[in-house]
Amino acid sequence: MTARFSRRGLLGLAAGGAAAAAVGGLTGCGTDDGTTGVQLRSELPLPRPFTVPLTLPDEASPLPRAKDGPDAGYDVYRVTQRPAELEILPGVRTPVWSYGGSFPGPTFRGRSGRPVRLRIDNALPRPTSTHLHGGVTPPSSDGYPTDLLHPSSGARTYTYPLRQRAATLWYHDHRMDFSGPQVWRGLAGFFLVHDEEEDALPLPRGERELPLLLADRSFAADGSFRYPSTDPTLSHTPGVESAYMDGVLGDVQLVNGRPWPYREVTATRYRLRLLNGSNARRYRLALRASNGRSLPFVQIGSDQGLLARPQTLETLTLTPGERFDVVVDFSACSAGTEVTLVNALADGPMRNVLRFRVTGPARDDSRIPTRLSSFRPLTTAQSVATRHFDFRLATDGMWTINGRPFDPGGVWAEPRLGTVELWRLTSDFHHPVHLHLAHFQVVSRAGGPPEPKDRGWKDTVDVRPYEVVEILARFDGHRGRYMLHCHNLEHEDMAMMANFLVR
Ligand code: C2O
Ligand code: CU
Ligand code: CU
């Protein structure tokens, strides 16, 4: 409670919920598919789009394998959370909070069934809590919001058993009340899990497999990231500050920490592992070629790995926390063609995301098999309990789940280990709903069948205003305290989280 109200104080939330709802109305509430939140203006000149090359995050290398002792049998990685200065806008130094000095942090790779230990030192001025999003992780390593790693308190080891299928996971800060500002400052990166089933597929790989972390940011005149709680000029404008409760949006689109980057590609297939790592921004992505055509996405995977079969989609809607694994085929593009990844939900410069420049033909041995993976769809007959979770703004201006703001001691549900439950999610707004531990399949949306984007195993789902989404969740792996929450980080920080105990 105390922590929550100090966060409220930091944001300067004098006006409360009514104003938030009103501004929310202006920025997208009630529309079927908008982006909700308030966009902060950058205070320095911004680069022209597609002038900065895309880079890929560095890959972390594990320490030498231990033959005995507590680390035997683990792949051990070590990383220090520390302040760093990065050149994100050309010629401008931006102070960030980083994992290992970069934003995004290093990409960790794990293999299904081979446990990883991640040893983290905190050299930041604030406590942190690192969560592996999508991980089937014991509670003590899950990055619970109040399970803090304090500055200079010595290293903490997070253990990830990785008894789970290949998937694009990611890690990020999860500190109680401060996930929004701490992720905004740079505390996020990829964690890719591989397995034999996926390795055996002839998908594009190596240079032609691109993990892409999409995130928006704004910059202050001194080059730092702007964020309401860290910017005194933003926290004392009545009526405006409470709007940040709806979500903080930037006016610079970053991909892997580069503003509106470009990438040269050959006229071949590419695999894009897309992650919406934004605090609040939603994307509807499309590929527009300079010859006037659109290129489709062939979706091969979702949050939790491969789909059973590929599906072709003209657009992809990504809500914060979601991942889409897609293959794009540039082979019909002649040399010199430019293909722009655009966000149809944004206006002006924020419609631009990333541009591919096709250099010319090259050999391509990749293929998209018609059958990608075999897994059994969950059926409602398997469900042993039905529960309802309602995501809503309370009259006191807190974001709540079933009418209650988050409280670390509270329990919203007690599913049993090894069972499947039907969870009905409803909301008053755009809420990307994420479950820790449990992976799920969407079984209905708005009273009808799921949409194509809902396919596969997921851990985060787009719940739109006044919509009912039903999921079948499987509670496997570990007993203990986990959470579900809204992955709009400003909603999360404003108490839109709930505990469930797996018994
Ligand atoms: Cu990616 Cu609990 O969050
Ligand atoms: Cu998570
Ligand atoms: Cu929300």
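Whatever order the structure lists them in is the order used to number ligands and atoms, beginning at 1.
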Check whether any N, O or S atom of [X] sits under 2.8 Å from atom 2 (Cu) of ligand 1.
X	result
His485	yes
His174	yes
His487	no

Between Glu322, His133, Glu492, His431, which is the residue that forms a side-chain hydrogen bond (donor to acceptor under 3.5 Å, both in side chains) with His487?
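Answer after filtering Glu322, His133, Glu492, His431: His133.
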Identify the residue among Arg175, His172, Arg126, His174 that makes a side-chain hydrogen bond (donor to acceptor under 3.5 Å, both in side chains) with Gln182.
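Of all the options given, the one that passes is Arg175.
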Less than 6.0 angstrom from the centroid, inside 45 degrees of the normal: does Arg217 satisfy that with respect to the ring of Phe219?
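Judged by the rule, Arg217 and Phe219 form no cation-pi pair.
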Is the NZ or CZ atom of Arg273 positioned over Phe190's six-membered ring, under 6.0 angstrom from the centre and within 45° of the axis?
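Negative - Arg273 is either too far from the ring of Phe190 or too far off its axis.
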Closest His131 atom to the Cu ion (ligand 2) [N, O or S only]
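The His131 atom nearest to the Cu ion (ligand 2), restricting to N, O or S, is NE2.
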I need the ND1(His133)-atom 1 (Cu) of ligand 1-NE2(His172) angle, rounded to 10 degrees.
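Result: 130°, to 10°.
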Kindly confirm whether the Cu ion (ligand 2) is within less than 2.8 Å of some N/O/S atom in His133?
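No, outside the cut-off.
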Exercise: identify the closest heavy-atom pair between Arg78 and Asp121:
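Smallest heavy-atom distance, with atoms named: NH2-OD2, 2.9 Å.
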